Amino acid sequence: MNRRTLLTRIVQGFSITGLGFITYPFLRAWVPSFDQDLGLEIDLSELAPGESKIVHWLGRNLHVIRRTNETIASLTTVDQPLKDPESQASAQPIFATNAYRSLRADIFVGFSNCTHLGCDVVKQDNGFKCPCHQSDYDAAGRVVEGAAAPLNLEVPNYRYISGNLLKLEPSSAGDA
Ligand code: FES
């Protein structure tokens with residue numbers, strides 16, 4: 001490569017870099033999805049104790065439940081054998097590695113997909129049941145011993161914006 005070619009390549013490199021710096025702010029302004037916030041806010045204000053709702057986020061369903069005091073108490077006195085009671089092998093953010101598998105004991109948020117083959121589990125009085133091969137989970141999404149499902153239901157990353165407003169956020173490295 002002669003000197004002239006080298007200089008041409010250097011100038012081209014600077015031009016491309018400069019073009020990137022100039023166009024980025026315009027793309028952010030003109031294309032809303034370019035810098036999209038993939039988070040989803042969930043209003044909990046209408047959920048009474050014992051009530052739940054299903055929300056759709058990033059192509060999957062999630063159960064959001066406001067637990068009763070009885071349900072909360074039942075999670076610390078496990079009366080049925082669980083496959084992963086401490087959630088050591090299951091998927092959840094670090095903040096949810098506890099008996100409630102949640103940030104707050106009264107609110108549970110978990111993906112609906114059974115960890116066997118991915119069917120949507122159905123909420124029941126004391127937990128969840130998978131309609132495909134009958135795997136049972138408790139009210140913290142912990143799978144019961146003997147089920148076909150190998151792991152607890154996955155818990156997404158989220159945070160509270162206020163007492164009744166929760167925001168789902170894509171996991172960042174190191175969250176899980
Ligand atoms: Fe849920 Fe098989 S998919 S038990």
Side-chain angles (χ1 to χ4, degrees), residues 36-76 78-176:
Q36 193 175 21
D37 177 5
L38 296 175
L40 177 68
E41 293 182 5
I42 300 174
D43 183 5
L44 306 169
S45 61
E46 291 175 0
L47 276 186
E51 291 186 345
S52 66
K53 63 179 173 182
I54 293 177
V55 299
H56 193 69
W57 182 55
L58 302 180
R60 298 170 70 186
N61 291 327
L62 294 104
H63 289 273
V64 181
I65 299 169
R66 191 184 291 276
R67 296 170 175 133
T68 61
N69 288 337
E70 296 77 45
T71 301
I72 293 169
S74 75
L75 293 174
T76 52
V78 177
D79 58 359
Q80 53 191 346
L82 303 170
K83 281 192 175 177
D84 187 15
E86 306 295 329
S87 295
Q88 296 299 306
S90 301
Q92 67 274 310
I94 290 168
F95 66 70
T97 311
N98 54 50
Y100 311 107
R101 303 192 71 232
S102 56
L103 256 179
R104 270 174 30 191
D106 61 328
I107 302 293
F108 174 75
V109 186
F111 282 109
S112 177
N113 306 97
C114 177
T115 58
H116 181 215
L117 297 176
C119 293
D120 278 318
V121 297
V122 176
K123 183 187 174 301
Q124 301 201 311
D125 282 348
N126 296 317
F128 305 89
K129 190 171 199 74
C130 179
C132 294
H133 309 99
Q134 315 308 315
S135 286
D136 288 310
Y137 300 83
D138 74 0
R142 295 178 296 185
V143 67
V144 173
E145 197 65 70
L151 298 169
N152 302 336
L153 296 179
E154 182 182 349
V155 174
N157 186 46
Y158 63 89
R159 66 185 168 91
Y160 286 92
I161 294 173
S162 64
N164 271 323
L165 194 59
L166 175 155
K167 186 173 184 182
L168 298 169
E169 295 179 321
S171 298
S172 55
D175 282 346

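Everything numeric here is computed off the predicted structure, so don't read it as measured data.
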Value for OG1 (Thr115) from CG (Leu153), rounded to nearest 0.5 Å, stands at 6.5 Å
- Query: Tell me, do Leu44 and Arg66 make a side-chain contact under 4.5 Å, heavy atoms counted?
  - Reply: yes
Counting N and O atoms only, with roles assigned by atom type, does the side chain of Lys123 sit under 3.5 Å from a partner on the main chain of Ile54, one being a donor and the other an acceptor?
-> no
Taking every heavy atom of Pro49 against every heavy atom of Thr68, the minimum-distance pair comes out as C-CG2, 3.9 Å
Open item on the list: Test side-chain contact (heavy atoms from CB on, under 4.5 Å) on Gln92 and Thr97; report intermediate values, then the result.
Closed with: CA-CA 7 Å; Gln92 67 274 310; Thr97 311; 3.7 Å; yes
Residues Phe108 and Ala139: closest non-hydrogen pair is CG-O, 4.0 Å
Next item on the list: Give the ring-plane orientation class for His133 versus His116, where under 30° counts as parallel, over 60° as perpendicular and anything between as tilted.
Entry: perpendicular
Between Ser135 and Ala148 (side chain of the first, backbone of the second, donor and acceptor by atom type, cut-off under 3.5 Å), is there such a pair?
yes
Q.
Checking the side chain of Gln80 only, and the main-chain atoms of Val144 only, is there a donor and an acceptor separated by less than 3.5 Å?
A. no
Is there a donor-acceptor pair closer than 3.5 Å between any side-chain N or O of Arg101 and the backbone N or O of Arg142? no
Quick check: do Leu62 and Pro156 have side-chain heavy atoms less than 4.5 Å from each other? yes
| field | Chi angles and distances behind the side-chain contact (heavy atoms from CB on, under 4.5 Å) call for Asn157, Phe95 | value | CA-CA 9 Å; Asn157 186 46; Phe95 66 70; 3.6 Å; yes
Q | Step-by-step side-chain contact (heavy atoms from CB on, under 4.5 Å) determination, Ile65 to Phe128 | A | CA-CA 11 Å; Ile65 299 169; Phe128 305 89; 3.4 Å; yes
Counting neighbours of CD on Glu51 that are heavy atoms of other residues, nucleotides or ligands and sit closer than 6.0 Å, is the number greater than 12?
yes
Heavy-atom closest pair (Gly118 atom, Asn113 atom, distance to 0.1 Å) is O-ND2, 3.3 Å
Next item on the list: Could you walk me through whether Asn152 and Ser90 pass side chain to side chain donor-acceptor pair (under 3.5 Å), step by step?
Entry: CA-CA 6 Å; Asn152 302 336; Ser90 301; 3.3 Å; yes
When every non-hydrogen atom of Leu151 is compared with those of Tyr137, the smallest separation belongs to O-CE2, 3.5 Å
Next item on the list: Verify, without hydrogens or angle tests, whether Trp57 (side chain) and Leu38 (backbone) share a donor-acceptor contact under 3.5 angstrom.
Entry: yes
*asked:* Can a donor-acceptor pair be found, under 3.5 Å and without considering hydrogens, that links the side chain of His63 to the backbone of Val121?
replied: yes
Original post:
Do the cysteine sulfurs of Cys119 and Cys132 sit under 2.5 angstrom from one another?
Top reply: yes
Asn164 atom CG, over 12 foreign heavy atoms within 6.0 Å:
yes
Notebook entry, point to check: Does the side chain of Ser112 come under 3.5 Å of the side chain of Asp120 through a donor N or O and an acceptor N or O?
Noted result: yes
For Asp43 and Lys53, the nearest pair of non-hydrogen atoms, with its separation, is O-NZ, 2.8 Å
In terms of heavy-atom contacts, Val155 and Ala96 come closest through CG1-CB, 4.1 Å
**Message:** Any heavy-atom pair between the side chains of Ile107 and Ser102 that's under 4.5 Å?
**Reply:** no
Next on the checklist: Closer than 4.0 angstrom, basic N to acidic O: yes or no for Asp106 and Arg67?
Outcome noted: no
ask   = Between the main-chain N or O of Glu169 and the side-chain N or O of Arg159, is there a donor-acceptor pair closer than 3.5 Å?
value = no
